[in-house]
Structure formats: C-alpha cells, structure tokens
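The structure appears below as structure tokens.
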Amino acid sequence: MNNNSNALIYCNNASNPGYSDTVNCYNRSCVCFPPCSIPTPSIYKPYMEYQVAVPINLTKSLEGKYFVGYADELLFGKGTSAWARLFNPLDSGVNLHVTVWTVSDVSESSFRAQIWFNTEPPGTPQESTLVTPANLAICPPPRPKIRLQYAINVSGNPIGGIKAFVRRGQPETTIVDDEQGKFIFSPGGSFLIFLSNPESPDIATSGRIAFGWWEEPICNNS
C-alpha cells in the first residue's frame, strides 16, 4: 500500500462515494486515490491563462458590426436576368467589407453568376427585408447601414463598373465564396451578383443570393 498517510485514509474508507473505483487497488477491497489539492476549476474564473487567436468574423460580430441577409425567389430566364447586391449609400459613414456570398436553389437550369464591382444594374432595385445582425446578444440590436437590394426578370446588362469574375453552376448546386472581408467598398460602391442562364435560354427559373458582411466606421481625422 501507499505509505502516504492521507492516501491510507482513503484506502481504508471504501464506502466514500466519491472514490468508488477499486480497479487500481492492491486487494480490490479498498480505494486508493490520494486527496486532490487542486481547486475545482471554474468556468467563470479559470485558473489558467489562455492566448486565443480570434477569427476576424467573430471579432466583428462581437463588436456588433457583422450582418447577414439574402434575397429570395430571384426570377430569371427566357431572356431575362436577376441580381442582388450590397449597396453602400453615400451617407452611410462606413466602409463595406464583403465576407461571404452564396448562390443557391437554382433548380431548373444551369446558370451563370457574374460578380460586379460598383456597377449600375438594369431594373428597379427593391429592398430586401431578410437582413439581421449576427450578434443578437446586443440590446438594442445593431442596424445595418448597408442595403441589400435586388431585381428580377430584368433585361440588359450592368453598365460601367468592373466585372471582377464569373462563376458557373449546375442545377441544384450551391456556389459559395468566403472572401474574408477582402472586398472593400466605400460609400457609393456596391458588390453585385448578376444571374442568367445563357446555356438554357428557354427555361424560366429562380434562385437565392445570400451575403455576409461587416461595416467599418470611417474615421475622420481632419
């Protein structure tokens, strides 16, 4: 047996409900766990110090700057297109950081998604109400300055701006890109996704475009 007197106390007290495991005992008739001198850990006051690298998206959510939203039932096809964009108003006072975007629920045909920067799209913009802050623990909830706008069954193509890149998808597939905030737009700018199905021009279909973004206040040092 262990010569530690405290250990012997526990070995001779096999009825102690906190030490019921006798697997490691010499004769399996007692328990052999020495007393623990380490305090019980607390989830509120941890006794260890941590160093944690916090992801930027989580940081912006904790700050109340991160938002998500989408535009649904974007009808296009048969010679028409649809689009959704994040638009930064001239008086917003923030820079727009695009974090993630997805195109999904296109079920009838293959499709093309053109990504445009700071362009003027065809059609009349409508405001999506399907927008929410990511951090709902803040009271009152933060309100976005960026507008999520969309248009359906439009004719023509965007004018001006930059067609940054193009993605193509098949029916029932989802296109997603994590931009990690690297696409940045000052007031007056926009990030737009333009949907069409030029490879299946006789099919009418619809889709959904979703965004995640954060808004960084513009500092005026003048």
Side-chain angles (χ1 to χ4, degrees), residues 53-72 74 76 81-104 112-138 140-152 154-168 174-196 207-222:
V54 181
I56 185 64
N57 292 342
L58 173 56
T59 300
K60 297 306 175 183
S61 182
L62 291 171
E63 295 173 353
K65 300 175 181 177
Y66 196 95
F67 301 89
V68 294
Y70 66 97
D72 206 0
L74 298 174
F76 65 98
S81 304
W83 57 262
R85 70 176 178 176
L86 295 175
F87 175 68
N88 190 354
L90 286 171
D91 60 351
S92 70
V94 300
N95 283 331
L96 162 65
H97 292 250
V98 179
T99 303
V100 63
W101 60 269
T102 65
V103 178
S104 61
R112 180 177 66 185
Q114 301 177 14
I115 286 72
W116 288 80
F117 296 168
N118 299 339
T119 189
E120 187 64 33
T124 302
Q126 302 181 60
E127 300 284 336
S128 174
T129 60
L130 305 173
V131 175
T132 179
N135 187 349
L136 299 180
I138 298 177
R143 301 181 63 178
K145 301 292 183 63
I146 302 303
R147 298 176 183 174
L148 202 168
Q149 301 177 327
Y150 67 96
I152 63 174
V154 300
S155 299
N157 295 302
I159 299 174
I162 301 170
K163 183 165 70 173
F165 53 96
V166 178
R167 299 285 298 274
R168 287 178 169 81
T174 296
I175 299 177
V176 56
D177 260 355
D178 186 355
E179 311 299 355
Q180 301 181 15
K182 65 177 177 283
F183 294 152
I184 306 171
F185 301 89
S186 60
S190 64
F191 177 85
L192 181 142
I193 299 176
F194 193 78
L195 296 180
S196 60
R208 173 185 297 170
I209 297 176
F211 300 98
W213 74 94
W214 84 73
E215 303 175 1
E216 201 66 47
I218 300 173
C219 295
N220 188 352
N221 296 322
S222 59

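Start at 1 with the first residue, then count along the sequence.
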W83 vs P125 side-chain heavy atoms within contact, under 4.5 Å:
yes

Calculate, to the nearest 0.5 Å, the distance between atoms CG and OG1 belonging to D72 and T129 respectively.
10.5 Å

Distance (rounded to the nearest 0.5 Å) between S81 OG and I152 CD1:
12.5 Å

How far apart are the C-alpha atoms of K60 and E216, what are their side-chain angles, what is the distance that settles it, and do they pass the side-chain contact (heavy atoms from CB on, under 4.5 Å) test?
CA-CA 9 Å; K60 297 306 175 183; E216 201 66 47; 2.9 Å; yes

Donor-acceptor under 3.5 Å (E215 side chain, I146 main chain):
yes

Quick check against the 3.5 Å criterion: does S128 have a side-chain atom that pairs as donor or acceptor with the backbone of Y70?
yes

Given side-chain contact (heavy atoms from CB on, under 4.5 Å), test L86 with F183 step by step and report yes or no.
CA-CA 11 Å; L86 295 175; F183 294 152; over 6 Å; no

If I compare all heavy atoms of W213 with all of G69, which pair ends up nearest, and what's the gap?
CZ3-N, 3.8 Å

Looking at side-chain heavy atoms only, is the closest gap between P121 and W116 below 4.5 Å?
no

Taking the side chain as everything from C-beta on, heavy atoms only, tell me whether V103 gets closer than 4.5 Å to R167.
no

Please report the C-alpha distance between I115 and W101 in whole Å, then the side-chain angles of each, then the deciding distance to 0.1 Å, and finally whether the side-chain contact (heavy atoms from CB on, under 4.5 Å) criterion is met.
CA-CA 10 Å; I115 286 72; W101 60 269; 3.9 Å; yes

Does S190 reach the side chain of E120, with side-chain heavy atoms less than 4.5 Å apart?
no

Straight-line distance of Y66 OH to H97 NE2, nearest 0.5 Å:
12.5 Å

Find out whether V68 and V131 are in side-chain contact, i.e. whether some heavy atom of one side chain is under 4.5 Å from a heavy atom of the other.
no

Are the side chains of I56 and Q180 in touch, meaning some heavy atoms are under 4.5 Å apart?
no

Stepwise side-chain contact (heavy atoms from CB on, under 4.5 Å) test for L74 and Y150
CA-CA 8 Å; L74 298 174; Y150 67 96; 3.7 Å; yes

Taking all non-hydrogen atoms of both residues into account, name the closest pair between A71 and L148 and its distance.
CB-CD2, 4.1 Å

Is the backbone N or O of I218 less than 3.5 Å from a side-chain atom of N95, with the two atoms forming a donor-acceptor pair by type?
no

Atom pair CZ/CZ of F194 and R112 - distance to nearest 0.5 Å:
8.0 Å

Which heavy-atom pair separates T174 from T102 by the least distance, and what is that distance?
CG2-CB, 4.4 Å

How many angstroms lie between CG in N57 and NZ in K65, if you round to the nearest 0.5 Å?
13.0 Å

E179 versus F165, closest heavy-atom pair with distance:
OE2-CZ, 4.2 Å

If you look at every heavy atom in L62 and I138, which pair is closest and at what distance?
O-CD1, 4.2 Å

Closest heavy-atom pair, G156 versus P122, reported as atoms and distance to 0.1 Å, is O-CG, 3.7 Å

Main chain of S61, side chain of N135: is a donor-acceptor contact present, judged purely on distance under 3.5 Å?
yes

Within a strict 4.5 Å, meaning less than it, do heavy atoms of the V176 and V100 side chains meet?
yes

Give me the ring orientation class for F191 and F211: parallel if the planes are under 30° apart, tilted from 30 to 60°, perpendicular past 60°.
perpendicular

Value rounded to 0.5 Å, distance of OG1 in T119 from CG in L192:
7.0 Å

